[in-house]
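All chains are named by letter (A, B, ...) in the order of the sequence lines, taking the proteins before the strands, and each is independently numbered beginning at 1. This structure is a prediction, so every number in the text was calculated from the model and none was measured.
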Amino acid sequence: MIKSLKRRNSELADGQKQLKILSNELFSEGHLPTFKQKISESGQFPLRAKNLEILQINVGYMCNQVCKHCHVDAGPDRKEIMTRETMEQCLEVLKNTTAHTLDLTGGAPEMNPNFRWFVEEASKIGVKDFIVRSNLTIMRSNKKYYDLPEFFKKHGIHVVSSMPHWTQGKTDSQRGNGVFQQSIEALRILNELGYGMENSPLKLDLVYNPSGAFLPADQKSLEADFKSALRKDFGIEFNELFAITNLPISRFLDYLVATDNYEDYMYSLVEAFNPATVSNVMCTNTLSVGWDGSLYDCDFNQMLDLPVNSKIKHISDYQEAILQNREIAISQHCYGCTAGAGSSCQGIVS
Amino acid sequence: MQKTYYDPADLKKFGKISEWNEELGNKFFDYYNSVFEEGELSAREKSLIALAVAHTIQCPYCIDAYTGDGLTRGITKVEMMEALHVAGAIRGGASLVHGVQMMNKVNKLEM
Ligand code: SF4
Ligand code: SF4
């Protein structure tokens with residue numbers, strides 16, 4: 001199993017170092033236009049936060065997998081875990097916000113010892129859409145997680161799971177040996193409980209992101225290919241496929257640099273820049289809460305240590321009126337959200 | 001710097017050929033883009049055909065372009081290689097089938 005960048009003492013474990021590379025450090029010739037310049041051309045700078053719709057909470061960086069592209073640099077060796085106290089502060093905010101969606105992410109969020117307690121408390125408050133980003137394999141990794149599918153069903157959780165490809169080879173090469181088989185088993189169990197089935201209220205979505213230095217093709221056609229292959233080969237059903245672009249940060253950035261793909265990848269993002277996506281990037285309606293309660297515009301900014309541009313920096317001080325309309329903190333990685341049809345945690349944005 | 005006839009960076013400049021004859025250039029690219037749209041054949045199938053043809057005509061630009069295109073569409077390397085064998089079989093077959101002409105000629109000329 002590969003180790004996290006942090007465990008390897010890689011300089012790329014440091015958000016500031018990543019931001020430095022993103023600011024053209026590695027370009028052999030020419031330079032990239034800055035994201036700021038690019039969105040200014042279409043009169044869209046500064047990017048500002050609108051009403052809060054999605055509260056995304058990262059409950060810790062611990063994970064049972066160590067995927068090659070992971071933008072969180074998650075893994076079994078990451079010990080950052082949200083405490084119950086911070087979770088209580090999140091619940092307080094949830095009671096009083098306009099957010100209609102709660103999105104729990106990690107690492108593997110289920111590995112936080114207070115995960116179940118948090119889900120129970122949050123579902124009492126009630127949100128329209130309660131998402132857990134589950135990597136699937138966690139449900140089969142250890143007996144103590146075997147009942148997670150039933151637990152999700154009981155609380156009407158919307159399960160969103162990564163699936164790099166409908167074949168074993170491509171999935172395992174990105175996410176680790178054996179991941180595909182375990183994911184298929186978990187999907188079968190979820191299907192048996194009604195997840196992803198037609199007319200069922202239990203939603204099961206898959207997330208596709210390219211297994212290498214290239215952009216995703218059209219989301220609808222990829223969804224059709226995934227659906228027909230998973231149905232034919234394994235009898236598996238799911239609702240939607242979200243195709244997302246890999247952002248050049250953390251382990252994916254490390255991969256790009258190590259394989260000499262960084263420059264070409266950045267150019268391909270810039271070439272694919274689509275101004276029509278800018279007004280819908282997820283930071284405009286999302287707030288991301290880090291494991292220690294710090295606030296960020298998105299999960300990516302969280303990993304780059306780019307905090308919100310606001311005097312309120314922690315969930316315990318949350319005030320919607322002050323955070324609203326704040327200027328979003330941007331850098332070159334934002335090109336990843338605005339390439340092609342655009343990319344967010346929910347897939348395309350335009 | 002090593003000089004070669006092909007520069008991978010030139011692929012990105014392909015669109016520039018319209019600059020010296022906009023009308024014909026635009027017609028070509030309109031046609032080109034229409035060809036690769038989803039039709040009776042899926043865009044995925046067309047991508048594999050393009051990859052095979054690219055190897056047949058040995059165009060390095062097209063090979064790069066349709067290898068990348070195939071990856072974005074989730075086409076696996078096994079599928080890509082299979083498409084190449086189709087190209088290889090047709091190329092090999094095209095040589096061999098002319099053997100019939102050779103045989104005809106020999107049969108005609110030999111006593
Ligand atoms: S499962 Fe998700 S969080 Fe865990 S290593 Fe893979 S991408 Fe990262
Ligand atoms: S990376 Fe974050 S801040 Fe940048 S555009 Fe995407 S969501 Fe917004």
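- Summarising the local packing, CG of B:N107 is surrounded by more than 12 heavy atoms from other residues, nucleotides or ligands at distances under 6.0 Å.
- The environment of B:L41 atom CG is dense: over 12 non-hydrogen atoms of other residues, nucleotides or ligands sit within 6.0 angstrom.
- Considering only heavy-atom pairs separated by less than 4.5 Å from chain A, the leading option among B:T76, B:T72, B:V78 is B:T72.
- A heavy-atom distance below 4.5 Å is found between the side chains of B:K12 and A:E271.
- Using non-hydrogen atoms only and a strict 4.5 Å limit, the part of residues 209-240 of chain A facing chain B consists of A:F214, A:L215, A:P216, A:A217, A:L222, A:D225.
- By the 6.0 Å contact criterion, OH on B:Y6 is open, its count of non-hydrogen atoms from other residues, nucleotides or ligands being 12 or less.
- Scanning both residues, A:W166 and B:R73, for their nearest heavy atoms gives CH2-O, 4.1 Å.
- By the 6.0 Å contact criterion, CD on B:E22 is open, its count of non-hydrogen atoms from other residues, nucleotides or ligands being 12 or less.
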